[in-house]
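Take a look at the structure below.
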Amino acid sequence: MATEQTYIMIKPDGVQRGLTGEIIGRFERRGYKLVAMKLVHASQEHLEKHYADLKGKPFFPGLVKYMASGPVVAMVWEGKDVVKQGRALLGATNPLASAPGTIRGDFAIDVGRNICHGSDAVESAKKEIALWFGEQNPTINYTRAVDTWVYE
């Protein structure tokens, strides 16, 4: 079975609202495997690296300030097509455009408080995982008994 990894982050609003367990549960129930996780209060400098592609946008300073306002949950999930499917689980960046049943569609209203972040491609996932967990492979490799019931 070919698998990939993605970086999913629960933002300060998700942590403060007590949605961490719900979000983890949705990924687990879908069949994805959690292979790394930590609670982090990121520095402004770290967040500027993470959001470097948005640096020229007018909302960039507010985004970095908000993201540095409290802890986030940094996670690495593994499974078949997890980057694309992880973003589908999260819903559209604008929560008002997110379908009911998605995380953002169920729990968020404003773009600036959209609960979570998910890598948009396999390559960006690799970069984000390295940024948040270090260059060495941060993940735990293990076999779940349930995998035979998730994958053919």
Side-chain angles (χ1 to χ4, degrees), residues 3-79 81-142 144:
T3 65
E4 61 191 31
Q5 293 182 339
T6 193
Y7 175 72
I8 301 294
M9 175 172 50
I10 303 172
K11 296 178 179 180
D13 56 317
V15 173
Q16 291 291 335
R17 292 178 57 195
L19 296 173
T20 300
E22 174 69 30
I23 293 166
I24 291 170
R26 287 186 184 211
F27 276 83
E28 286 180 328
R29 286 191 299 273
R30 179 66 191 258
Y32 291 119
K33 180 167 66 170
L34 182 62
V35 294
M37 181 172 75
K38 64 182 176 178
L39 186 67
V40 181
H41 198 149
S43 69
Q44 185 170 337
E45 295 76 25
H46 189 86
L47 292 161
E48 286 173 357
K49 288 179 190 173
H50 178 81
Y51 288 113
D53 60 321
L54 303 175
K55 191 167 183 116
K57 304 287 185 183
F59 59 82
F60 181 77
L63 171 63
V64 171
K65 182 180 178 185
Y66 161 68
M67 290 297 295
S69 71
V72 300
V73 178
M75 300 177 286
V76 181
W77 289 90
E78 186 174 280
D81 204 24
V82 71
V83 172
K84 179 180 171 188
Q85 295 306 316
R87 287 181 64 84
L89 284 169
L90 298 181
T93 301
N94 180 349
L96 294 178
S98 294
T102 65
I103 292 164
R104 291 175 178 146
D106 288 350
F107 301 112
I109 296 173
D110 284 334
V111 173
R113 300 291 183 269
N114 68 358
I115 312 266
C116 41
H117 163 84
S119 300
D120 61 2
V122 172
E123 283 309 309
S124 60
K126 288 177 183 176
K127 289 177 188 171
E128 291 172 347
I129 291 166
L131 176 65
W132 288 89
F133 288 91
E135 292 295 329
Q136 72 282 6
N137 188 342
T139 60
I140 304 293
N141 187 16
Y142 63 101
R144 300 177 307 171

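Nothing here was measured: the structure is a model prediction, and the numbers come from that model.
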Determine whether more than 12 heavy atoms belonging to other residues, nucleotides or ligands lie under 6.0 Å from atom [atom1] of [X].
X	atom1	result
K38	NZ	yes
I109	CD1	no
N141	CG	no

Using a strict threshold of under 4.0 Å (side-chain N to carboxylate O), is an ion pair present between [Y] and [X]?
X	Y	value
D106	R26	yes
E22	R29	yes
E45	K49	no

Look up atom [atom1] in [X] and atom [atom2] in [Y], then write down how far apart they are to the nearest 0.5 Å.
X	Y	atom1	atom2	result
K11	M67	NZ	CE	5.5 Å
E128	T6	CD	OG1	7.5 Å
Y51	K57	OH	NZ	14.5 Å
L96	R104	CG	CZ	12.0 Å
S119	I8	OG	CD1	6.5 Å
R144	E78	CZ	CD	9.0 Å

- Item | Partner set under side chain to side chain donor-acceptor pair (under 3.5 Å) for N94, not counting sequence neighbours | none
- Report the residues that fulfil side chain to side chain donor-acceptor pair (under 3.5 Å) with S69, sequence neighbours left out, ordered by chain and then residue number. none
- Message: Could you walk me through whether D120 and K84 satisfy the salt bridge (Lys or Arg N to Asp or Glu O under 4.0 Å) test, starting with their C-alpha distance in whole Å, then the side-chain angles of each, then the deciding distance to 0.1 Å, before giving a yes or no?
- Response: CA-CA 7 Å; D120 61 2; K84 179 180 171 188; over 6 Å; no
Answer yes or no: is there a side-chain heavy-atom contact under 4.5 Å between [X] and [Y]?
X	Y	answer
V73	M9	no
I23	I115	yes
L89	R30	yes
L63	L54	yes
M75	I10	yes
H50	V64	no
P71	V40	no
L90	F27	yes

- Note on the structure: Sequence neighbours excluded, the answer for side chain to side chain contact (heavy atoms under 4.5 Å, CB included) partners of A68 is L47
- Message: Using 30° and 60° as the class boundaries, would you call the ring planes of Y7 and W132 parallel, tilted or perpendicular?
- Response: parallel
- Message: Applying side-chain contact (heavy atoms from CB on, under 4.5 Å) to M37 and V76, what does each step give before you reach the verdict?
- Response: CA-CA 6 Å; M37 181 172 75; V76 181; over 6 Å; no
- Output, in order, the C-alpha distance, side-chain angles, deciding distance and verdict of ring pair (Phe, Tyr, Trp, His ring centres under 6.0 Å) for Y32 and W77. CA-CA 6 Å; Y32 291 119; W77 289 90; 7.6 Å; no
- Message: Tell me whether R113 forms a cation-pi arrangement with Y66, defined as NZ or CZ under 6.0 Å from the six-membered ring centre and within 45 degrees of its axis.
- Response: yes
